[in-house]
Amino acid sequence: MSTTLITGGTVVSSTGRSEADVLIDGEKILAVLAPGSTLLGHDLKSSVDTVLDAAGKYVVPGGIDAHTHMQMPFGGTEASDTFETGTRAAAWGGTTTIVDFAIQKYGERVMDALTAWHDKASGECAIDYGFHQIIGDVNDDSLKAMEGLIDEGISSYKLFMAYPGVFYSDDAQIFKAMRVGADTGLMTMMHAENGPAIDAMVAELLAQGKTDPYYHGVARAWQMEEEATHRAIMLANLTGAPLYVVHVSAKQAVAQLAAARNNGQNVFGETCPQYLYLSLEDQLGAPGFEGAKWVCSTPLRSKLEHHQDHMWQALRTNDLQMVSTDHCPFCMKGQKDMGVGDFSKIPNGIGGVEHRMNLIYQGVVDGKIPLERWVEITSTTPARMFGMYGRKGVIAPGADADVVIYNPEGHTSIGLEKTHHMNMDYSAWEGFEIDGHVDTVLSRGRVIVDDNQYLGSKTHGQYLRRAPSQYLI
Ligand code: DUC
Ligand code: ZN
Ligand code: ZN
């Protein structure tokens with residue numbers, strides 16, 4: 001077992017910061033000590049195998065991205081990051097855990113689908129990974145299977161109110177699944193958009209010759225998100241199911257979540273970097289077919305309506321609890337271009353797993369959130385929300401030594417294909433400049449990124465069994 005001392009840095013948690021040294025023994029954090037401490041009379045610097053100098057830098061728990069879709073079959077193609085390429089890119093960006101979605105498609109058995117996802121991920125991940133279970137076909141058999149998910153280390157499942165004919169669940173199916181969710185201690189995750197109404201609007205727009213990517217955003221109007229969010233909240237209220245709404249982008253949907261929370265309901269929401277920085281006008285409305293790069297669902301919202309500012313505010317006030325990416329990358333060539341002349345055929349998804357920690361850190365620099373809140377919404381809350389806290393999301397004795405040394409004096413230019421590590425032929429974040437840099441990343445005690453070098457391996461990441469949520473009211 002090798003030992004590591006991270007010395008001279010500022011350890012930042014969700015509740016505060018202090019100058020401290022972090023002692024790592026093998027895969028675990030052994031102690032967080034006053035700077036320069038000795039342990040049982042031993043000078044630590046000369047006793048450990050590796051010393052990492054973090055002077056002038058932040059030492060934070062590794063990022064947890066609780067919403068990724070590696071190699072997801074979707075929109076007639078497959079998300080372009082494999083578990084190998086996607087988790088490596090995550091590591092580069094300071095994310096040391098992902099929770100991906102195992103998908104039960106229509107007609108499939110849940111446990112078969114889960115086995116298939118284990119087969120895809122096992123031995124392929126640079127960092128630790130867990131699964132949520134998508135239930136794409138709510139029926140008696142899958143409702144029964146949901147009861148066995150906790151034993152599989154899966155404490156959350158996801159339903160879709162969008163995508164009729166693909167993953168869509170109607171209200172009766174949602175009601176039945178939530179009943180099981182409430183009884184078995186599973187978190188219900190919801191893609192909250194009114195799919196049937198969206199499909200009608202898509203048909204209307206296409207019939208009018210409105211085929212550009214911009215109209216993807218028009219068809220998926222905020223009313224579709226607010227209505228579905230409200231409906232999901234009401235069904236959760238009725239059944240007693242804890243509810244977590246994914247990729248919230250409309251300020252009206254946030255208001256629904258906030259009202260439910262103020263009412264004492266176990267209702268939570270995430271947003272994603274794209275809804276904090278990008279807009280319907282600037283990105284989806286880019287000239288020609290360019291906007292396809294940013295086709296995702298929920299869609300980018302209008303900057304004229306200031307949704308983006310509201311998302312930052314909701315993160316400050318805890319009306320939204322955390323930030324994930326919904327990482328679901330597709331290349332322009334051969335994938336996004338399937339939708340030339342028909343926006344509804346553009347595969348939905350944006351890649352961003354590599355950039356989340358940096359993009360949200362920029363919110364600290366820009367005065368939108370405090371430093372501690374950065375740690376909270378990118379690591380600590382994801383750990384608590386999805387039953388990983390103690391092992392993940394915190395720098396404390398006994399926790400996994402997933403640690404990022406972040407340099408506030410560094411700089412990151414997010415550029416083209418060649419300067420990121422995701423398997424994409426473009427970057428949705430090209431041109432973004434970050435006033436900070438991920439200098440060093442440790443995953444379970446092993447340095448996997450250091451000084452702009454990748455030192456990890458695809459066999460390092462382990463499957464993470466998760467407990468029920470530790471965030472419930
Ligand atoms: N939204 C996306 O943009 N991609 C994957 C699935 C989803 O709901
Ligand atoms: Zn979704
Ligand atoms: Zn998603």
Side-chain angles (χ1 to χ4, degrees), residues 62-75 77-101 117 120-121 124-129 247 272-278 283 290-297 300 323-338 346-362 378 404 412-434 436-438 441 443 448-449 452-458 460-461:
I64 300 175
D65 191 340
H67 187 159
T68 67
H69 299 284
M70 304 305 172
Q71 55 201 88
M72 176 191 191
F74 193 49
T77 180
E78 187 166 286
S80 56
D81 261 321
T82 61
F83 279 92
E84 180 183 359
T85 62
T87 58
R88 189 169 59 213
W92 271 102
T95 285
T96 52
T97 303
I98 60 162
V99 191
D100 204 87
F101 289 85
W117 248 260
K120 287 181 203 227
E124 298 292 325
C125 292
I127 55 173
D128 289 351
Y129 62 96
H247 49 53
C272 310
Q274 51 270 34
Y275 308 121
L276 294 162
Y277 285 104
L278 311 178
Q283 278 77 28
E290 206 58 12
K293 292 176 175 174
W294 297 281
V295 164
C296 61
S297 298
L300 304 185
V323 178
S324 313
T325 56
D326 196 8
H327 179 77
C328 191
F330 297 101
C331 292
M332 281 295 270
K333 200 160 173 289
Q335 294 194 297
K336 292 276 187 184
D337 62 8
M338 288 157 55
I346 302 169
N348 286 202
I350 285 187
V353 74
E354 184 168 349
H355 303 313
R356 183 185 63 121
M357 296 299 283
N358 275 320
L359 287 165
I360 305 307
Y361 178 74
Q362 190 61 35
T378 57
V404 173
T412 308
S413 294
I414 304 182
L416 289 165
E417 186 193 354
K418 299 277 177 267
T419 59
H420 67 75
H421 305 87
M422 299 174 287
N423 187 30
M424 301 171 69
D425 60 1
Y426 73 100
S427 168
W429 297 99
E430 189 192 332
F432 274 71
E433 299 291 334
I434 308 294
H437 187 262
V438 173
V441 181
S443 165
I448 57 171
V449 173
N452 295 313
Q453 268 190 296
Y454 176 69
L455 304 169
S457 87
K458 68 173 190 171
H460 173 77

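Since this is a predicted model, take the numbers as computed values, not measurements.
Considering CD1 of Ile434 and CD of Gln362, their distance stands at 5.0 Å, rounded to 0.5 Å. Interatomic distance, Thr412 OG1 to Asn358 CG, rounded to the nearest 0.5 Å: 4.0 Å. To the nearest 0.5 Å, the span separating OG on Ser443 from CG on Leu455 amounts to 12.5 Å. With rounding to the nearest 0.5 Å, the separation of OH in Tyr129 from CE in Met70 is 12.5 Å. Distance CZ/Phe83 to CD1/Ile127: 10.5 Å, rounded to 0.5 Å. To the nearest 0.5 Å, atoms CG (Leu300) and SG (Cys272) are separated by 10.5 Å.
In terms of heavy atoms, Gly436 sits closest to Tyr361 at CA-CE2, 4.1 Å. The minimum heavy-atom distance linking Ile350 with Cys296 is given by the pair CD1-SG, 3.8 Å. The shortest non-hydrogen separation linking Ala91 to Ile448 is CB-CD1, 3.6 Å. Between Met424 and Phe330, the shortest heavy-atom contact is CE-O, 4.2 Å. Heavy-atom minimum distance, His460 versus Ala126: CD2-O, 3.4 Å. Pairing each heavy atom of Pro347 with each of Thr77, the nearest pair is CG-CG2, 3.8 Å.
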Candidate pair Val438 and Val404, rule side-chain contact (heavy atoms from CB on, under 4.5 Å), full reasoning | CA-CA 7 Å; Val438 173; Val404 173; 4.1 Å; yes
Derivation of the side-chain contact (heavy atoms from CB on, under 4.5 Å) call for Phe101 and Cys328 = CA-CA 11 Å; Phe101 289 85; Cys328 191; over 6 Å; no
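Proximity of Thr85 to Met422: side-chain heavy atoms (C-beta onward) are nowhere separated by under 4.5 Å. Contact annotation: the side chain of Trp294 never approaches that of Gln274 to less than 4.5 Å [non-hydrogen atoms, C-beta and beyond]. For the pair His420/Ser427, a side-chain contact is recorded, criterion being any heavy-atom separation below 4.5 Å from C-beta on. Side chains of Arg88 and Tyr454 form a contact here, defined as non-hydrogen atoms less than 4.5 Å apart.
Checking each of Asp100, Thr325, Thr95 against Thr68 for a side-chain hydrogen bond (donor to acceptor under 3.5 Å, both in side chains) leaves exactly one that passes, namely Asp100.
Side chain of Arg356 to main chain of Ile64: a donor-acceptor pair is present (N/O by atom type, distance under 3.5 Å, no hydrogens or angles).
Using a 3.5 Å distance cut-off with no hydrogens or angles, the side chains of Asp81 and His327 do pair a donor with an acceptor.
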